[in-house]
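Everything on this sheet refers to the single structure shown next.
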Amino acid sequence: MSVECRDDIVETGTGTGAVAEALLGHYDMHARDLPWRVSPAARRAGLKPDPYRVWLSEVMLQQTTVAAVTGYFERFTTRWPTVEALATAPQEDVLAAWAGLGYYARARNLIACARAVTVDHGGRFPGTEAGLRVLPGIGDYTAAAVAAIAFDEPAAVVDANVERVVARLFAITTSLPAARPEIRKHTAEITPRERPGDFAQAMMDLGATICTVRNPSCLLCPLAPHCAAHAQGIAESLPVKPPKKAKPQSTGTAFWIEQDGQVLLVQRPGKGMLGGMRALPDDGWAAGRNGTAQPPVPGQWQVIDGAVAHVFTHFSLELALALYRGPQIDKVAIENLNGIWWPVEHIAEAGLPTLFAKAAALAIQYR
DNA sequence: AAGTCGGGGGA
DNA sequence: TCCCCAGACTT
């Protein structure tokens, strides 16, 4: 029996492997300065990240870029500095603060998770990956990330950046998602017992700044000597992804009913598209389905066709805007249909999702 | 395994 | 335009 010794395969165990060593050395010099991050220097001096801030940032960052999250993170942590503060906030306030960030189930789960941590765990996040994993809105990735970054667990943190870096490091040509188990196994192999949180963040920094989807900067990459895809000249082609499906086009109408300086809003159903969010009344458009164009009340309407074009994850929407032109409406009767009369001057604080914020901005021009 | 669920930034 | 992003959850 022979033993092959390769410096690009890192042993599991107590030591820091060659990949982790090279990566952490680079991270110590080039870590991004992010609002939720404890710098590697501060971290090594003993400063621990606040699990609440780590968790909040990770949930906000799910399928969302750093640039989009930064402002939201600052506003949330200023307004709700602790998990208990967030847990006791009214749901509508949290959803309104989340407006524009997208994937609103995250906000609903954020509240549920904050309340579970406060009520069931005395305000302290579970310190293990398994303990975190069962909380609302915390999946495989987020459980591993919080465990590693906030609690120093050597968890395998696999996000889209790590998938790309690892697929290239090991020249994995199996297409996603079939390659995921293999990627996870290799990630676990190269994750060090020392500084697992910095390692995870370093991998994500690398994916975001050097090991990019297109035009990776292999000449600047600290892992290039260990990278099988780079050696084969196939880095940019990995990971292999399945072809994506075409997006159907839907049409719908949103309705602007304004009286006495107030506009009629509704709260959308708690699940599904834009669930729980305040919105303009609409005609029931949905994924791959057109709305009826039927107004919620009879009367005279001015219709602006093609007012808003908006692209969702799995379909595109062309939204018409219908402006109510009278006669006078019984406002109390409308309220009984779950309507909310909102001052137009303060529409920005209604927390409308971007689609309806666009429609509202146009309506205000035409009123 | 496939579908649902936002929005914006970069090329 | 197209592509992707610190994914989770449901069916």
Side-chain angles (χ1 to χ4, degrees), chain A residues 32 34-37 53-73 95 98-110 112-113 132-150 155-165 175-181 187 197 199-209 211-215 236 239 241-248 268-277 279 286-289 308-317 351-358:
Chain A
R32 287 180 292 174
L34 303 173
W36 46 85
R37 175 174 288 178
R53 293 168 61 89
V54 175
W55 161 75
L56 178 61
S57 68
E58 292 301 341
V59 174
M60 286 184 166
L61 286 161
Q62 289 165 6
Q63 289 291 287
T64 309
T65 56
V66 166
V69 163
T70 304
Y72 285 86
F73 180 82
L95 291 183
W98 195 277
L101 198 53
Y103 285 143
Y104 298 97
R106 291 185 297 170
R108 302 193 299 270
N109 286 328
L110 189 82
C113 184
L132 291 159
R133 179 64 181 80
V134 299
L135 291 168
I138 298 187
D140 290 341
Y141 163 76
T142 303
V146 175
I149 297 169
V157 179
V158 184
D159 76 325
N161 290 301
V162 176
E163 269 183 2
R164 185 168 57 254
V165 172
S175 70
L176 294 173
R180 296 225 160 96
T187 304
F199 175 80
Q201 294 176 92
M203 287 285 278
M204 295 188 278
D205 273 20
L206 192 77
T209 62
C211 194
T212 50
V213 176
R214 288 177 297 276
N215 284 318
E236 190 169 9
K241 296 195 173 181
K244 45 198 163 294
K245 302 177 57 177
K247 295 186 184 197
R268 296 177 62 84
K271 294 190 173 184
M273 202 59 150
L274 311 176
M277 301 299 289
R289 192 161 61 78
V308 177
H310 199 73
V311 180
F312 293 105
T313 304
H314 57 295
F315 71 102
S316 300
L317 176 67
L352 297 179
T354 299
L355 168 70
F356 293 111
K358 287 190 210 169

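This is a predicted model, so every value here is computed, not measured.
Taking side-chain N and O atoms only, A/Gln62 has no distance below 4.0 Å to OP1 or OP2 of C/dG7. Within the structure, a side-chain polar atom (N or O) of A/Arg164 is placed less than 4.0 Å from OP1 or OP2 of C/dC5. Put simply, A/Thr354 has a side-chain N or O that comes within less than 4.0 Å of OP1 or OP2 on B/dG7. Look at A/His314 and you won't find any side-chain N or O under 4.0 angstrom from OP1 or OP2 of B/dG3. A/Tyr104 has a side-chain polar atom (N or O) that falls below the 4.0 Å cut-off from OP1 or OP2 of B/dG7. Look at A/Thr64 and you won't find any side-chain N or O under 4.0 angstrom from OP1 or OP2 of C/dG7. Close to B/dG8, at under 4.0 Å from its OP1 or OP2, lies no side-chain N or O of A/Lys358. Taking only side-chain nitrogens and oxygens, A/Lys245 comes nearer than 4.0 Å to OP1 or OP2 of B/dG3. In terms of phosphate contacts, A/His310 brings a side-chain nitrogen or oxygen within less than 4.0 Å of OP1 or OP2 of B/dG7.
Computed from coordinates, the A/Arg106 CZ to C/dA8 P distance equals 11 Å when rounded to whole Å. One interatomic measurement links the two molecules: CE of A/Met60 to P of B/dG7, which rounds to 15 Å at whole-angstrom precision. Going from atom CH2 of A/Trp55 over to atom P of C/dA6 covers 20 Å, rounded to whole Å. What separates OH of A/Tyr141 from P of C/dA6 is a distance of 9 Å, to the nearest Å. Put simply, CG on A/Leu61 is 15 Å from C1' on C/dC4, counting in whole angstrom units. For the pair A/Ile149 CD1 and C/dA6 P, the computed distance is 13 Å after rounding to whole Å. Rounding to whole angstrom units, NZ of residue A/Lys271 and P of B/dC5 are separated by 12 Å. Taking atom CZ on A/Arg180 and atom C1' on B/dA1, their separation rounds to 11 Å, with Å as the unit.
Base contact: A/Leu101 has a heavy atom under 4.0 Å from a base atom. Counting any heavy atom pair closer than 4.0 Å across all strands shown, A/Pro177 reaches no nucleic acid atom. Residue-level contact check: A/Met273 touches the backbone only, with heavy atoms under 4.0 Å from sugar-phosphate atoms and none from bases. Backbone-only contact: A/Asp140 has heavy atoms under 4.0 Å from sugar-phosphate atoms and none from a base. Nucleic acid contact for A/Ser57: none, since no nucleic acid atom lies under 4.0 Å from a heavy atom of the residue. Residue contacts shown for A/Tyr103 include a base, since a base heavy atom lies under 4.0 Å away. Within the 4.0 angstrom heavy-atom criterion, no nucleotide atom of any strand lies near A/Ala145. Across all strands shown, A/Arg32 has heavy atoms under 4.0 Å from base atoms, whether or not it also approaches the sugar-phosphate. Using a 4.0 Å heavy-atom criterion, one finds that A/Leu34 contacts the bases of the nucleic acid, with or without backbone contacts as well. Residue contacts shown for A/Gly100 are limited to sugar-phosphate atoms, with no base heavy atom under 4.0 Å away. Using a 4.0 Å heavy-atom cutoff across all strands shown, A/Trp36 reaches at least one base atom of the nucleic acid. If you check every strand for non-hydrogen atoms under 4.0 Å, A/Lys247 touches nothing.
Across B/dG6, C/dA6, C/dG7, the shortest atom-to-atom separation from the side chain of A/Leu274 is found for B/dG6. Proximity note for A/Phe312 (side chain, C-beta onward) versus C/dC4, B/dG7, C/dA6: the nearest is B/dG7. Each of B/dC5, C/dA8, C/dC9 was ranked by its minimum atom distance to the side chain of A/Arg133; first place goes to C/dC9.
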task: Could you please spell out the steps behind the salt bridge (Lys or Arg N to Asp or Glu O under 4.0 Å) verdict for A/Arg164 and A/Asp159?
output: CA-CA 9 Å; A/Arg164 185 168 57 254; A/Asp159 76 325; over 6 Å; no

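Taking CZ from A/Arg214 and CD from A/Glu236, the interatomic distance works out to 8.5 Å, rounded to the nearest 0.5 Å. The line from CG of A/Leu274 to CZ of A/Phe356 is 6.0 Å long, rounded to the nearest 0.5 Å. Considering OG1 of A/Thr142 and CG of A/Leu135, their distance stands at 11.0 Å, rounded to 0.5 Å.
Mapping A/Ala67 and A/Gln63 onto DNA chain B via the closest heavy atom, the residue that lands nearer the 5' end is A/Gln63. Taking the nucleotide of DNA chain C with the nearest heavy atom to each of A/Val66 and A/Pro136, the more 5' of the two is matched to A/Val66.
Comparing the C1' positions of B/dG6 and C/dC3 gives an interatomic distance of 15 Å, to the nearest angstrom.
Within the shown strands, nothing qualifies as a pairing partner of B/dG6 under the Watson-Crick or G-U definition with both distances less than 3.5 Å.
In this structure, A/Arg108 contributes its side chain and A/Gly276 its backbone to no donor-acceptor pair below 3.5 Å. A donor-acceptor pair is defined here as one N or O able to donate and one able to accept, closer than 3.5 Å; no such pair exists between the side chain of A/Trp55 and the backbone of A/Val59. Not a single donor-acceptor pair under 3.5 Å links the side chain of A/Arg32 to the backbone N or O of A/Gln201.
Between A/Val69 and A/Met60, the shortest heavy-atom distance links the atoms CG2-O, 3.3 Å.
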